[in-house]
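The next block holds one structure in the form of structure tokens; read it before the comments.
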Protein chains: 2
Amino acid sequence: MVTITHDKTTKYSNKMSKNIYAYALVREAIAKNIIEKKLTGNLPSERELCATYEVARSTLRQALGQLENMGLIFRKNRSGWYVCPRKLKYDPMRHASFLQYTTEQGFQPSTVLLSKKQIKPCKEISESLHVDKNTSLTSIKRVRSVDGRAVVVEDLSFSNAHLPEIEKHDLSLSISILLKNTYKHHKVLYDISVESCCLFNPIAQHLNTYDGALGLKVTRIVRDQNGVAFEFDREYWRHDALMIENNAKLDVFIQHLKP
Amino acid sequence: MVTITHDKTTKYSNKMSKNIYAYALVREAIAKNIIEKKLTGNLPSERELCATYEVARSTLRQALGQLENMGLIFRKNRSGWYVCPRKLKYDPMRHASFLQYTTEQGFQPSTVLLSKKQIKPCKEISESLHVDKNTSLTSIKRVRSVDGRAVVVEDLSFSNAHLPEIEKHDLSLSISILLKNTYKHHKVLYDISVESCCLFNPIAQHLNTYDGALGLKVTRIVRDQNGVAFEFDREYWRHDALMIENNAKLDVFIQHLKP
DNA sequence: AAGTGGTCTAGACCACGCC
DNA sequence: GCGTGGTCTAGACCACTTT
């Protein structure tokens, strides 16, 4: 049970004044309580919040939905609303393992391998890796968590020709370490793209969220030191778990790479 | 007026079957029509769609909201729902002007200067630019559009000391060209961060969207060839207008930059 | 003036988590 | 079995855009 501060004289559903709507007032009131740490852990139940702010449940849920979009709160399926933990900072260009950058930031990481199989590439992958659509690729799906909270589903496809016997390794561990130690890929290039997306089942289920939840989709094409693409990654992140960060790099150097 | 295809035998509000909910069925039906280009331009009115799919308006709006999160449709304030144009590809690391990369992709760009003033830095800016909190900075706000659709609000802060008389230039034009031609900054480094966010007024209004709409926040710290930070940018993008893209760069080179 | 989306209500019942 | 959030309805009125 959590008690929250709330000015009893405020009529949150009084929509007449200055085009300020009830859901916005409720949103701001709850946001204030979260930012000032008066609200932590789980929120009171929706029906309780309705009573507190004197609004209908759908109005309250509009406010909660926006707080969710802001990355302040999230829901566990049918169990309640919770204040979001801090975001993980992630540099998709950096040659660092999930284990490394999560522990650097004080998180407890874990990984579960969902599947491992041989696939034929879809159009996007065959074009990106420059392989024929009948080439066999090793495909693995993994879900990765920080502090017990699932944050990303990865869908990785590897060129068997480029990484012989890749399928025989333990692929729930760090791929970047495997590339370094077994395949001697110390120099790696990335093509990255990031966009806003929706998470649908079954990905949403793996992330303990709902069908249609907000996400961030990160796509990576990994190349060896000669520029040959050998790995295609799709990462579906919880939108509220992630801040993409990339530190200064010299534009000039990049131009030197294209002689 | 737009006619849409729709299997008349499907009862969209029959929620009993296989945990498939009405809003998900409506969402998929409309998405299919958009992807197959049977729906273009503006959608039928909400009340019309309610009748078509035999659902209540709030159920329909849940479906529309998810299609909006998917980046398939967007709304113009109280005028209707529209199919989204294609996304702009944007590389925040690249030393290219807005004019350049939009026209490269076949868009018609435009920029409006909203304000230009001298400010004192907030905590985040003073730390990023390593300047005292009493230092005066030139701050400009701009809104940029492609094909007449506002897509990003920029909030740029420049170090006056580093860019003397910056305030005297026409700041609705390209800053990167100004840096090159006037200040001879041919080599520039960036620190970038990207995260999901909500757009609130007045930013939401500049982007012709609603208070609480989804957005992407891109933060950039720009440094000169010596690594000295002289510009702090905050960019608030429509979430449905943008795909962040960054092409392959050698990790090794970056390590060489830190001797 | 008519039509649109935007806000809001007061209910109802369901599916699932937790005890 | 109780409490939670999840889905859904059928209205009402408002603010704004379009005609």
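Below, chains carry the letters A, B, ... as their sequence lines are ordered, and counting in each starts from 1.
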Please check the phosphate of [N] (OP1 and OP2 only) for any side-chain N or O of [X] closer than 4.0 Å.
X       : N     : value
A:Ser58 : C:dT7 : no
B:Tyr21 : D:dT7 : no
A:Arg61 : C:dC8 : no
A:Arg75 : D:dG6 : yes
B:Arg57 : D:dT9 : no

Over how many whole Å does the gap from [X] atom [atom1] to [N] atom [atom2] extend?
X        : N      : atom1 : atom2 : result
A:Tyr210 : D:dG5  : OH    : C1'   : 12 Å
A:Lys76  : C:dC16 : NZ    : C1'   : 15 Å
B:Tyr23  : D:dT9  : OH    : P     : 13 Å
A:Tyr82  : D:dG5  : OH    : P     : 9 Å
B:Trp81  : D:dT18 : CH2   : P     : 16 Å
B:Leu49  : C:dG3  : CG    : P     : 17 Å
B:Glu54  : D:dT7  : CD    : P     : 20 Å
B:Asn77  : C:dT7  : CG    : C1'   : 13 Å

Tell me which nucleotide among C:dG6, D:dT9, D:dT4 gets nearest to the side chain of B:Arg78.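 Selected nucleotide: C:dG6.
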What nucleotide, of D:dG5, C:dT4, D:dC8, holds the atom closest to the side chain of B:Ala22? D:dC8
Between the side chain of A:Gln105 and the main-chain N/O of A:Tyr101, is any donor-acceptor distance below 3.5 Å?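 Checking the backbone N and O of A:Tyr101 against the side chain of A:Gln105, a donor-acceptor pair under 3.5 Å is found.
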For A:Thr59 and for A:Ser79, find the nucleotide of DNA chain C with the closest heavy atom, then tell me which residue's nucleotide is more 5'. A:Thr59
Enclosure of A:Lys116 NZ (heavy-atom neighbours >12, cutoff 6.0 Å):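 Yes, NZ of A:Lys116 has more than 12 neighbouring heavy atoms, counting only those of other groups under 6.0 Å.
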For A:Ala150 and A:Ser145, work out which heavy atoms get closest and say how close.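 Minimum heavy-atom separation between A:Ala150 and A:Ser145: CA-OG, 3.4 Å.
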Assess B:Arg78 against B:Tyr210: is NZ or CZ under 6.0 Å from the centre of the six-membered ring, and within 45 degrees of the ring's axis?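 Pair B:Arg78/B:Tyr210 does not count as cation-pi.
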Closest-nucleotide mapping onto DNA chain D: is B:Arg47 or B:Leu60 further toward the 5' terminus? I mean the 5' end. B:Leu60
Looking only at side-chain N and O atoms, does B:Glu28 offer a donor or acceptor that is under 3.5 Å from a partner on B:Tyr23?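 On atom types as modelled, these side chains do not qualify, holding no pair under 3.5 Å.
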